[in-house]
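See below for the structure under consideration.
All of these numbers come straight from a predicted model, not from anything done at the bench. Note on naming: letters A, B, ... go to the chains in the order of the sequence lines (proteins, then strands), and numbering restarts at 1 for each one.
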Amino acid sequence: MINPVSQKLLQYYLPGSSLAATPNNIGGNPRTTLNSDQFTGRIDDNVDERNQVFGQVSWLNSPQSAPGLFPLQGVAHPLNAELVALGWTGTLGTTKVNELRLG
Amino acid sequence: MNAHKRVLAALLGTLLLMMGNPGVKGQSVSSSIQGRVVDAGGAVVPGADATVTNVHTGVRFKTQTNGTGNYFFPSVLPGVYTLEIAKPGFANYQISQFNIVVGQHATENGTLSVASETQTVTVNAGGLANLLQPESNDLGNVIAPQRVAQLPLNGRNFLQLGLLSGAAQSNSGAAASAVGQTGHPGLSINIAGNEPDFTMYLVNGIQTFGSRAGNTSLNLSVGAIDQFEVHYGFFMPDLGPNPGVVDVITKSGTNSFHGELYEYVRNNQMSARNYFSTVPPGPYHQNQFGNPLSWEHTLQPRQCLTETFPRFRLPSTTHSVLIRLLGNARRLRTTSFPPT
């Protein structure tokens, strides 16, 4: 009687995955995937000579996965980043300038 | 409310303000232009009109020299500018096509000679930057737009360009092992011998934090970056407390429509087989593609200047909106060698 768990695991056996004639070990390198998508937009508004504003949006989705040979193995590294930024640069005088950044 | 309660309320209020959002810090990233205007005899010229114009966007600023002949544009975006200095009784003086890089506090002096106002003395800077900065004690190295656009990078990671500054290096040891924890390589660099935790990453003046200390979370597309500077050493307090700063400015639009389409391909078909290996390299596919677009939209008609600038019929006020949208997708797929 073979343990049913072992039977399931045997389905993942890769014949010829060792140099030995009758291999006892399973070897292999599963596929590592890194898909990275991103988007950046920026708007500059030159309101007048004393005031400039800008807005920026960045979005990043970059999941990485390195699975193992068997189910429930391996690691996954999700990476999501969003950046929304608003900026105002105001010239208050010949020697004063104010920069406001929100993000 | 008695005095004690007022003091307590003030302290609490101050504390609340300080607690704010510690995760996001804004720093000054704009550049400035200043200089002194003298006549041929070396005497300062007060009251001269100074105008700088961004060559690519048409955005312009005006000011006048003060009593000591100095003018000051305290905040301009990086770009290529032309400076005009004019005063009745003198020939116009122009410095054309000089480059202002990120964080630069440039000094551009002018000399006015007595002549007709219809004459113009032009100094052509040829698009170069005047990197002497007597107004700043900042050490740093600007990674200029040409380098960002043209240097080949494995994986198109902009922080590799930061290594050109000479003061930065890739992480090693424990810092490099962060890759194992984040799964994403190349999200931090060491600057001037400091640990990666001390490096601050700014995107248009906003700090970007990763999940692990010392990492940036936003691995910006190289196509979105106009230029950036790696600051180190002692610099002005407006750059914050960190001894190393990566200061990124993203591209803004220009006066005309731009489109771009690119793809970088790297795969196992281009890989050489190991001399001792009996099998070809395993599958490896890396594709990076994107399509940055930019344009400018002018919201109101341009106005002409007064007689002060008879030669230059440029707008005295431009209300322009510069839009730049950048799409970039990166596909990185790797498979290691099959077992042998």
* For B/Val203 and A/Gln56, what are the C-alpha separation, side-chain angles and deciding distance, and is it a side-chain contact (heavy atoms from CB on, under 4.5 Å)? -> CA-CA 10 Å; B/Val203 176; A/Gln56 182 207 343; 3.6 Å; yes
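Interatomic distance, CG of A/Leu60 versus CG of B/Leu220, reported as 8.5 Å (0.5 Å rounding). Here A/Phe54 contributes atom CZ and B/Thr250 contributes atom OG1; the two are 7.5 Å apart, rounded to the nearest 0.5 Å.
Closest approach of B/Ile206 to A/Ala85, counting heavy atoms only: CG1-CB, 3.8 Å.
The closest side-chain heavy-atom distance from B/Asn204 to A/Arg101 is not below 4.5 Å.
When heavy atoms are compared at a cutoff of 4.5 Å, A/Glu82 does not approach chain B at all.
Under the ring-ring contact (aromatic ring centres under 6.0 Å, His included) criterion, B/Tyr201 pairs with no residue, sequence neighbours left out.
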